[in-house]
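Right, I'll just put the structure down here and ask away after.
Every number for a ligand or one of its atoms is a count from 1 in the order of the listing. This one's a predicted model, so the numbers in the text were calculated from it and none came from an experiment.
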Amino acid sequence: MPSTAYLRPRSIAEVTQCLASFREAQLLAGGQSLLAAWRLGLCKPTHFVDLQDVPDLNDIRIEGDALWVGAMCTHAQIARSPMVLSQNPMLSELAQGIADAQIRNVGSIGGALANNDPAACWPAGVLAMNATIVTNQREIPADTFFQGLFSTALQHGEWILGVRFARVAWARYLKFEQAASRFALVGVAVARSMRGHVRVAITGLGQGITRWPEAENALTAQWRVNALTPLVFDARAAQTDLHASARYRAHLVSVLCRRAVAADTKESPAMPASAPMMLATPPSLPGRLQGSSLLPATPARVWEHLLNPAVLQRCIPGCTAMTLTQAEHYQAVVKVGLGPVSATFATEVALFTEPHHAPQQPMRCRLVLTGQAGALGEGKATVLVELHAVQDPHTQRINTRLDWHATPELTGKLAQLGNRLMDATAQSLSQQFFKRFSGVLSGETATPHKNESLYALARNVKQWLQRFFER
Ligand SMILES: Cc1cc2nc3c(=O)[nH]c(=O)nc-3n(C[C@H](O)[C@H](O)[C@H](O)COP(=O)(O)OP(=O)(O)OC[C@H]3O[C@@H](n4cnc5c(N)ncnc54)[C@H](O)[C@@H]3O)c2cc1C
């Protein structure tokens with residue numbers, strides 16, 4: 001068990017001081033996510049800064065026309081508050097549906113928002129309500145607070161004091177539960193402002209909460225279940241995992257959204273037989289995780305960059321070292337910090353290229369990755385990469401569509417974390433990788449690397465590349 005000091009500040013200023021003094025300190029609210037991750041050795045804060053003695057963080061009060069909920073209010077406290085019930089019953093209902101009574105009695109709204117779990121209920125409720133997250137430094141609108149999987153706009157030293165909910169005309173949150181944890185397989189929050197603007201926020205899709213703009217526009221124009229009938233939620237925005245396919249999740253979004261609106265309009269939520277069918281998801285190569293990126297360069301140039309260790313080091317999130325050990329074999333050190341996970345992997349990557357016979361054929365390679373995270377266990381993955389040449393219809397330039405498909409396997413404590421978290425982590429890191437990679441290809445200035453030996457390695461790779469293309 002890692003040794004972590006325990007601090008118990010008594011004021012907002014003292015908490016801020018603790019965070020400023022100890023860079024690797026972590027706030028402790030109810031400990032429902034943090035302590036589980038810590039016990040598994042997935043994070044190693046130097047200090048826990050317990051918030052329970054800080055006054056005012058448990059307040060629920062009316063501020064003008066808005067409702068203030070302090071960051072340390074537990075789900076149970078929110079669920080039973082008469083003030084919340086009268087001001088916005090949706091918030092009571094949402095809080096009452098979280099996990100079980102034990103977790104509701106200690107888990108807090110502040111902890112849930114800071115954690116931003118992709119299957120949590122509060123982020124969807126707060127986003128649909130267009131609420132404001134108030135920190136020790138500023139006020140952050142929900143639209144900018146949530147920044148994808150387990151990521152928020154909170155900066156180092158910044159922490160949540162509470163949430164301000166403006167009054168709305170009507171709101172509802174419905175979720176289809178994952179039976180074991182009661183986290184949302186899919187959850188949909190719908191809120192209608194006093195001026196009739198509708199916001200729809202969805203949780204459980206796999207990559208963090210998101211809004212559904214087409215449904216929002218349709219419902220703002222016509223507050224009827226039937227306004228949703230022509231709409232199909234795009235399954236490409238959802239993830240497939242052990243519990244549900246992307247198509248099933250997309251279907252649930254429509255069903256729950258219809259039910260939420262019908263609860264107010266008293267219509268039937270049933271989908272009419274004439275409703276459009278769900279779009280087919282594109283055929284895919286085998287592999288549990290997959291993705292596709294359009295890159296602004298020809299396949300040959302993308303290929304060259306993919307084999308350049310200096311470029312890879314710059315683009316892989318958390319990569320602190322990357323060396324070429326022999327032709328087509330790399331060693332890398334990668335620190336993954338996402339939500340409760342904070343682990344350093346010593347990774348080996350072996351690259352197997354397939355012969356490329358004709359220009360119209362995609363270029364293909366297979367990467368076999370083995371990552372050791374010490375006592376946490378081991379991760380292995382086989383990744384199939386395909387580069388397809390695609391012509392831009394406007395500029396006629398040849399770009400590249402890079403498709404990848406991966407099947408990861410985990411052992412040890414990492415496996416205990418479960419596929420939901422690890423798949424979501426892998427998917428999010430790949431998105432970050434391709435965003436940076438796309439930036440490098442479009443000529444963003446690359447920071448010169450301090451490690452000169454990498455340049456020597458890059459030269460080796462280049463020579464090897466030349467040999468490869470001459471074959
Ligand atoms: C089995 C299980 C089932 C669950 N089911 C659901 C569910 O159905 N729906 C749902 O929405 N949630 C669910 N949860 C999540 C749970 O309800 C908690 O809200 C969540 O785990 C956060 O817990 P916590 O408040 O104890 O925060 P902690 O675990 O103490 O902290 C979580 C993170 O937030 C940070 N943090 C805490 N407070 C603040 C703050 N004020 N400012 C900035 N950062 C802060 C911490 O440093 C840490 O990184 C479930 C959890 C478990 C374990």
Checking the N or O distance criterion of under 3.5 Å, is ligand 1 in contact with Ile160?
yes
Spell out, as yes or no, whether a donor-acceptor pair under 3.5 Å connects the side chain of His75 to the backbone of Asn105.
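No, His75 side chain to Asn105 backbone: no donor-acceptor pair under 3.5 Å.
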Starting from atom 49 (O) of ligand 1, locate the nearest protein heavy atom and write down its residue, its atom name and how far away it is, to 0.1 Å.
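Of the protein heavy atoms, Gln26 NE2, 3.2 Å lies nearest.
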Which residue and non-hydrogen atom of the protein lie closest to atom 50 (C) of ligand 1, and at what distance in Å?
Phe183 CZ, 3.3 Å
May I ask you to list the atoms of ligand 1 that are less than 4.0 angstrom from any heavy atom of Ser108?
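Counting from 1, the qualifying ligand atoms are 19 (O), 24 (P), 25 (O).
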The protein heavy atom nearest to atom 23 (O) of ligand 1 is Gln32 CB, 3.6 Å
What atoms in ligand 1 come closer than 4.0 Å to a heavy atom of Trp159?
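Ligand 1 atoms under the 4.0 Å threshold to Trp159: 42 (N), 43 (C).
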Counting both backbone and side chain atoms, is some N or O of Gly107 under 3.5 Å from an N or O of ligand 1?
no
Check: Ala191 main-chain N/O paired with Arg172 side-chain donor or acceptor under 3.5 Å:
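Side chain of Arg172 to backbone of Ala191, a donor-acceptor pair under 3.5 Å: no, none is there.
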For atom 24 (P) of ligand 1, the protein heavy atom that lies nearest, with its residue and separation
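The answer is Gly30 N, 3.7 Å.
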Starting from atom 37 (C) of ligand 1, what is the nearest protein heavy atom, named by residue and atom, and what distance separates them?
Gly111 CA, 3.5 Å
Could you walk me through whether Arg182 and Glu177 satisfy the salt bridge (Lys or Arg N to Asp or Glu O under 4.0 Å) test, starting with their C-alpha distance in whole Å, then the side-chain angles of each, then the deciding distance to 0.1 Å, before giving a yes or no?
CA-CA 5 Å; Arg182 297 196 72 191; Glu177 292 174 358; 2.9 Å; yes
Between ligand 1 and Arg182, is the shortest N or O to N or O distance under 3.5 Å?
yes
A student checking ligand 1 against Ala29 at a 4.0 Å heavy-atom cut-off should list atoms 25 (O), 27 (O), 30 (O), 37 (C), 38 (N)
Are any side-chain N or O atoms of Thr203 and backbone N or O atoms of Pro118, one a donor and one an acceptor, separated by less than 3.5 Å?
yes
Taking CZ in Arg138 as the centre, count heavy atoms belonging to other residues, nucleotides or ligands within less than 6.0 Å. Is the count above 12?
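Yes.
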Would you mind checking which non-hydrogen protein atom is closest to atom 52 (C) of ligand 1, with the distance to 0.1 Å?
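Heavy-atom neighbour on the protein nearest atom 52 (C) of ligand 1: Ile103 CD1, 3.4 Å.
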Could you tell me which atoms of ligand 1, counted from 1 in the order shown, lie closer than 4.0 angstrom to a heavy atom of Ala120?
10 (C), 11 (O)
Is the closest N or O pair between Leu34 and ligand 1 shorter than 3.5 Å?
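Yes; the residue has a nitrogen or oxygen that sits under 3.5 Å from a nitrogen or oxygen of the ligand.
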Ignoring hydrogens, what is the shortest heavy-atom contact between Ala71 and Ser108? Give both atom names and the distance.
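Closest heavy-atom pair between Ala71 and Ser108: O-CB, 3.4 Å.
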Using modelled atom types only, decide if a donor and an acceptor are shared between the side chain of Lys175 and the backbone of Ala119 within a distance under 3.5 Å.
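Pair absent, no side-chain N/O of Lys175 close to backbone of Ala119.
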Could you tell me if any non-hydrogen atom of Leu94 lies under 4.0 Å from any atom of ligand 1?
no
For ligand 1, does Asp100 get within less than 4.0 Å through its side chain, its backbone, both, or neither, judged by non-hydrogen atoms?
neither
Do any N or O atoms from the side chain of Asn116 and from the backbone of Thr152 form a donor-acceptor pair under 3.5 angstrom?
no
Give a yes or no on whether a salt bridge exists between Asp143 and Arg199, defined as a side-chain N under 4.0 angstrom from a carboxylate O.
yes
Might you point out which heavy atoms bring Asn136 and Glu158 nearest each other, and give the distance in Å?
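For Asn136 versus Glu158, the nearest heavy atoms are OD1-CA, 3.3 Å.
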Before we go on, tell me: are the rings of Phe165 and Trp68 under 6.0 Å apart, centre to centre?
no
List the closest protein heavy-atom neighbour of atom 21 (O) of ligand 1: residue, atom name, distance to the nearest 0.1 Å.
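For atom 21 (O) of ligand 1, the nearest protein heavy atom comes out as Ser33 OG, 2.4 Å.
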Nearest non-hydrogen contact with atom 46 (C) of ligand 1 belongs to which option: Leu57, Asn116, Leu113, Leu27?
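Answer by nearest heavy atom: Leu27.
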Check the orientation of Phe437 and Phe433. Use parallel for under 30°, tilted for 30 to 60°, and perpendicular for over 60°.
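Answer is parallel, since the angle falls under 30°.
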Before signing off on this row, confirm whether Val106 and ligand 1 have an N or O atom pair separated by under 3.5 Å.
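No.
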Check: Lys435 main-chain N/O paired with Ser438 side-chain donor or acceptor under 3.5 Å:
no
Kindly determine whether Glu24 and Lys44 satisfy salt bridge (Lys or Arg N to Asp or Glu O under 4.0 Å), including the steps that lead there.
CA-CA 8 Å; Glu24 299 292 326; Lys44 294 175 183 165; over 6 Å; no
Residue, atom name and distance, where the atom is the protein heavy atom closest to atom 9 (N) of ligand 1:
Cys121 SG, 3.1 Å
Can you confirm, on distance only, whether ligand 1 has an N/O atom lying under 3.5 Å from any N/O atom belonging to Gly31?
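Yes, at least one N or O pair falls under 3.5 Å.
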With no hydrogens and no angle check, is any side-chain donor or acceptor of Asp234 less than 3.5 Å from a backbone partner on Arg236?
yes
Identify, by atom number and element, the atoms of ligand 1 in contact range of Ala71, meaning under 4.0 Å from any of its heavy atoms.
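That gives atoms 41 (N) of ligand 1.
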If you count the atoms of ligand 1 from 1 in the order shown, which ones are under 4.0 Å from a heavy atom of His75?
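Counting from 1, the qualifying ligand atoms are 16 (C), 17 (O), 18 (C), 19 (O).
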I need the atoms of ligand 1 closer than 4.0 Å to a non-hydrogen atom of Ala114, numbered in the order shown.
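The list of qualifying atoms is 34 (O), 35 (C), 36 (N), 43 (C), 44 (N), 45 (C).
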Do ligand 1 and Ala99 have nitrogen or oxygen atoms that lie under 3.5 Å from each other?
yes
Output yes when a side-chain donor or acceptor of Ser86 lies under 3.5 Å from a complementary backbone atom of Met83, and no otherwise.
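Yes; at least one donor-acceptor contact below 3.5 Å.
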Should you measure from each heavy atom of Ser181, which atoms of ligand 1 turn up under 4.0 Å away?
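Selected atoms, number and element: 3 (C), 4 (C), 5 (N).
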Minimum non-hydrogen distance to atom 7 (C) of ligand 1, winning option of Thr135, Thr152, Ile98, Val15:
Ile98
N/O to N/O below 3.5 Å, does that happen between Leu35 and ligand 1?
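In this structure, Leu35 places no N or O atom under 3.5 Å from an N or O of ligand 1.
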State whether the shortest distance between N or O atoms of Lys175 and N or O atoms of ligand 1 falls below 3.5 angstrom.
yes
Okay, side chain of Arg104, backbone of Thr74: is any donor-acceptor separation there less than 3.5 Å?
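Judged by distance alone, no pair lies under 3.5 Å.
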